[in-house]
Amino acid sequence: MSTDTKPPPIKSDITPVPSLKDRGNLFEVATRQIEKAARMIKLDGDVASILQQPKNEILVNFPVRMDDGKLELFKGYRVQHNNILGPYKGGMRYHPEANLDEMKALAAWMTYKSALHEIPFGGGKGGIKFDPSKRSRNELERITRRFTHALGNNIGPDWDIPAPDVGSNEQTMVWMMDTYMNVVGQNERHSVRGVVTGKSVTAGGSYGRREATGAGVMHCIIEWARDNNFNLDGAHVIIQGFGNVGSYAARLLAQKGAVIVGVGDAGGYIANPEGINPHKLSEHVAKSGSVAAYKGAAKISREEFFALEAAIFVPAALELELGMKEAQALKARLVVEGANGPTYPEAEEYLLDKGVAVIPDILCNSGGVIVSYYEWLQNKRSEQWEHADVLARLEHRMRKTWGEVRGYAAKHKCDWRTASYAIGLERIQTCYKERGIFP
Ligand code: NAD
């Protein structure tokens with residue numbers, strides 16, 4: 001295997017999937033981002049070939065009986081991108097627009113995220129194409145259990161470990177775990193709790209997992225503020241997406257003195273220049289399902305949201321939300337990608353040219369996978385770590401990787417996304433070189 005061969009172009013073999021929002025093909029966006037780093041480090045051609053497509057793309061169609069007695073067929077996905085560094089790992093997304101190319105991109109990002117943070121996991125992602133908000137709790141349970149059963153041995157605590165993502169949560173993971181446990185046989189039940197992470201603490205989850213991704217976002221913002229002599233106290237922040245990632249990021253940033261002046265979700269956008277109380281807003285969302293109609297802020301349009309006066313923007317909703325139009329409206333000095341793949345490459349180039357810092361998803365939204373790793377370790381060892389211990393370990397790891405990416409970007413004079421991929425790719429490449437390619 002030579003080290004100086006030019007990598008072959010990494011291309012998607014799938015035509016773009018029509019999307020309600022016409023977002024474009026996420027896998028092609030991911031490919032473009034990775035190619036840039038691959039060229040910079042002169043990634044070995046063989047390694048590039050292996051990484052250009054996932055190892056496995058699993059599609060399952062499974063029937064579920066609905067509350068009204070009718071049977072419905074669901075389409076489920078699990079994409080396993082790479083497992084050279086450890087078991088496949090990644091979330092399960094429940095969303096009406098879920099599609100294979102989206103899963104492929106998200107699975108690839110998990111590979112590089114784990115590699116960047118030196119977590120012994122590979123990359124995977126999956127989900128079901130449906131709208132969970134339109135289903136009863138009983139239907140959600142049956143859909144989740146039937147999906148888990150349909151996946152069979154394609155998941156497992158040492159093979160592929162799902163976690164929550166958009167539209168799924170702790171309860172989803174508990175149902176997945178319970179279904180898996182019940183089919184492995186009674187002697188193994190308790191040794192397979194690590195088949196999923198992001199479970200409730202009572203079912204074997206880790207303290208700190210719930211807020212982990214938001215906490216990781218906060219640590220990156222604190223590091224950036226320290227590096228740039230920026231005072232977070234009183235700084236204005238806008239957040240798109242107020243689910244797991246966005247709501248915890250908001251609460252933790254408010255604790256550091258930041259003022260949340262705008263929030264948006266699938267139901268609408270709101271603003272208050274005096275600040276929105278994220279705890280009260282979380283209570284409102286828990287009751288109503290959306291930030292819309294929150295009494296402590298005014299309703300605004302999506303366009304007005306992006307133009308708000310705020311130094312920090314945290315996209316924490318879906319992918320490809322920050323295009324050229326949004327980038328041109330944005331007043332922020334810092335974009336911190338809580339969501340996976342929220343920024344179009346052209347918009348990122350524009351922002352970087354304007355001097356806006358863009359902290360890439362694989363660096364800053366990794367708190368979830370880091371604490372998932374701690375949960376998996378606790379399950380393997382039959383341990384329960386203290387909350388403060390988990391959060392301290394997370395902070396340490398986020399700061400360590402932050403320093404590595406900062407150093408790499410400065411040394412190679414590149415943007416932080418390219419630096420983050422480059423570090424991950426180099427680790428994967430080293431592993432392939434040491435192990436060779438079987439047979
Ligand atoms: P979630 O389902 O808890 O919340 C998603 C939020 O996005 C909701 O507030 C929803 O209303 C909003 N949203 C959906 N469509 C929208 C739209 N068109 N416009 C504006 N808002 C919209 O999901 P989550 O777990 O918080 O994940 C959010 C993002 O963070 C995703 O990109 C996910 O892949 C990424 N992420 C999540 C984790 C995790 O630990 N949960 C870890 C890493 C990355």
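When a ligand or atom number is given, it counts from 1 through the structure's own listing order.
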Does ligand 1 come near enough to [X] that some N or O of the ligand is less than 3.5 Å from an N or O of the residue?
{"X": "N365", "value": "no"}
{"X": "E319", "value": "no"}
{"X": "G243", "value": "yes"}
{"X": "K125", "value": "no"}
{"X": "H95", "value": "no"}
{"X": "R93", "value": "yes"}
{"X": "V245", "value": "yes"}

Out of [options], indicate the one that has the non-hydrogen atom closest to [atom].
{"atom": "atom 35 (C) of ligand 1", "options": "T213, V217, T197, N340", "answer": "N340"}
{"atom": "atom 31 (C) of ligand 1", "options": "A317, A163, G367", "answer": "A317"}
{"atom": "atom 11 (O) of ligand 1", "options": "G241, G216, A266", "answer": "A266"}

Residues [X] and [Y] bridged, charged N to O under 4.0 Å:
{"X": "R32", "Y": "E348", "answer": "no"}
{"X": "R226", "Y": "E223", "answer": "yes"}
{"X": "E57", "Y": "R78", "answer": "no"}

Check: H81 side chain, L51 main-chain N or O, donor-acceptor pair, under 3.5 Å: yes
For A339, is there any backbone N or O sitting under 3.5 Å from a side-chain donor or acceptor partner on N365? yes
Short list, please: which atoms of ligand 1 are under 4.0 Å from a heavy atom of [X]?
{"X": "G167", "result": "2 (O)"}
{"X": "D265", "result": "9 (O), 11 (O), 20 (C), 21 (N), 22 (C)"}
{"X": "A339", "result": "29 (C), 30 (O), 32 (O), 35 (C)"}

Side chain, backbone, both or neither: which part of [X] has a heavy atom under 4.0 Å from ligand 1?
{"X": "E321", "answer": "side chain"}
{"X": "R209", "answer": "side chain"}
{"X": "Y269", "answer": "side chain"}

Without placing hydrogens or testing angles, list every side-chain donor-acceptor pair under 3.5 Å for residues 118-126, not counting sequence neighbours.
from : atom 1 : to   : atom 2 : distance (Å)
E118 : OE1    : K400 : NZ     : 3.3
K125 : NZ     : D165 : OD1    : 3.1

R302 NZ/CZ over F305 ring centroid, <6.0 Å and within 45° of normal: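 Output no; distance or angle outside limits.
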Tell me the salt bridge (charged side-chain N to carboxylate O under 4.0 Å, His left out) pairs involving residues 142-155, sequence neighbours left out? D67-R142, E141-R145, R145-D178
F130 and ring-ring contact (aromatic ring centres under 6.0 Å, His included): which single residue from F62, F74, Y77, F147 fits?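 With F130 as partner, ring-ring contact (aromatic ring centres under 6.0 Å, His included) holds for just one option, F74.
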Pair Y207, W385 - check ring-ring contact (aromatic ring centres under 6.0 Å, His included), show working. CA-CA 7 Å; Y207 287 110; W385 300 354; over 10 Å; no
